[in-house]
Amino acid sequence: AQSVTQLDSHVSVSEGTPVLLRCNYSSSYSPSLFWYVQHPNKGLQLLLKYTSAATLVKGINGFEAEFKKSETSFHLTKPSAHMSDAAEYFCVVSSGSGTYKYIFGTGTRLKVLA
Amino acid sequence: EAGVAQSPRYKIIEKRQSVAFWCNPISGHATLYWYQQILGQGPKLLIQFQNNGVVDDSQLPKDRFSAERLKGVDSTLKIQPAKLEDSAVYLCASSLGARAGAQETQYFGPGTRLLVL
């Protein structure tokens with residue numbers, strides 16, 4: 001079985017300050033992990049993914065995430081928030097044997113204050 | 001490269017009516033997915049096709065929902081009859097591989113927002 005927990009439903013940061021969105025996962029197999037962003041009335045866009053290569057993954061728009069197996073975590077970070085980063089962020093785990101599917105977290109809404 | 005296309009973008013119906021959504025995946029993508037995203041929740045997989053065969057429909061409410069993928073390309077998702085709790089965004093996604101692995105990236109369309117009154 002697999003699951004993902006996003007620890008914060010809402011995060012507020014000031015523009016120019018660091019962003020941390022937390023994600024913990026559970027998986028019986030070696031997982032692949034993804035972060036997607038969803039802007040209002042837009043589709044989900046892939047930010048980055050981990051697929052058992054480097055544990056520190058760099059994505060688009062300055063985001064990165066670190067896979068920590070011992071902590072079963074895959075937290076998303078960005079050094080300096082921009083107003084355009086305000087959106088909903090979803091952590092996703094995918095693993096299994098034979099048939100694979102995405103399991104989404106419940107999402108974290110990021111608010112960026114001017 | 002064109003993305004995943006969905007129509008309509010918005011739909012309002014009354015309960016017990018029927019509704020259909022259409023999806024055109026990225027050209028050449030073998031696997032197609034339909035998700036339901038209820039307000040405040042993450043998307044939940046309803047059905048997964050590989051080419052025109054169903055791989056996983058374990059969370060599809062088959063008494064009212066149906067889906068097909070003709071000729072392994074476009075897909076339609078139908079709800080008949082609709083209930084109030086079907087109000088949600090319906091997302092279509094596609095991925096390249098014919099045998100979707102754990103590492104496969106899924107590309108999402110803009111979704112259809114359904115409101116059932």
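Chain naming here is simple, since letters A, B, ... match the order of the sequence lines and numbering starts at 1 in each.
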For A:Tyr36 against B:Thr105, the heavy-atom pair lying closest together: OH-CG2, 4.0 Å

Tell me whether A:Val19 is reachable from A:Phe34 by hopping between hydrophobic residues (I, L, V, M, F, W, Y) whose side-chain heavy atoms are closer than 4.5 Å. no

Within 6.0 angstrom of B:Lys62 NZ, more than 12 heavy atoms from elsewhere: yes

Would you kindly confirm whether A:Tyr102 and B:Leu46 end up in one hydrophobic cluster when ILVMFWY residues are joined by side chain heavy atoms under 4.5 Å apart? no

Kindly indicate whether the side chain of B:Gln37, heavy atoms from C-beta on, has any atom under 4.5 Å from the side chain of A:Phe90. yes

Interface moiety of A:Lys42 toward chain B, non-hydrogen atoms closer than 4.5 Å: backbone

Would a 4.5 Å heavy-atom cut-off, applied to side chains only, mark B:Pro43 and A:Gln38 as touching? no

For atom CD of A:Glu15, is the number of surrounding heavy atoms from other residues, nucleotides or ligands below 6.0 Å larger than 12? yes

Determine whether more than 12 heavy atoms belonging to other residues, nucleotides or ligands lie under 6.0 Å from atom CG of B:Leu117. yes

Are A:Ile60 and A:Leu110 connected, step by step, through hydrophobic side chains (Ile, Leu, Val, Met, Phe, Trp, Tyr) whose heavy atoms are closer than 4.5 Å? yes

Within the 4.5 Å heavy-atom criterion, are B:Leu45 and A:Lys101 side-chain neighbours or not? yes

Any chance the rings of A:Phe104 and B:Tyr35 have centres within less than 6.0 Å? yes

Between atom CZ of B:Phe108 and atom CG of A:Leu46, what is the distance when rounded to the nearest 0.5 Å? 9.5 Å

Measure the CD-OG distance between B:Gln106 and A:Ser94 for me, rounded to the nearest 0.5 Å. 7.5 Å

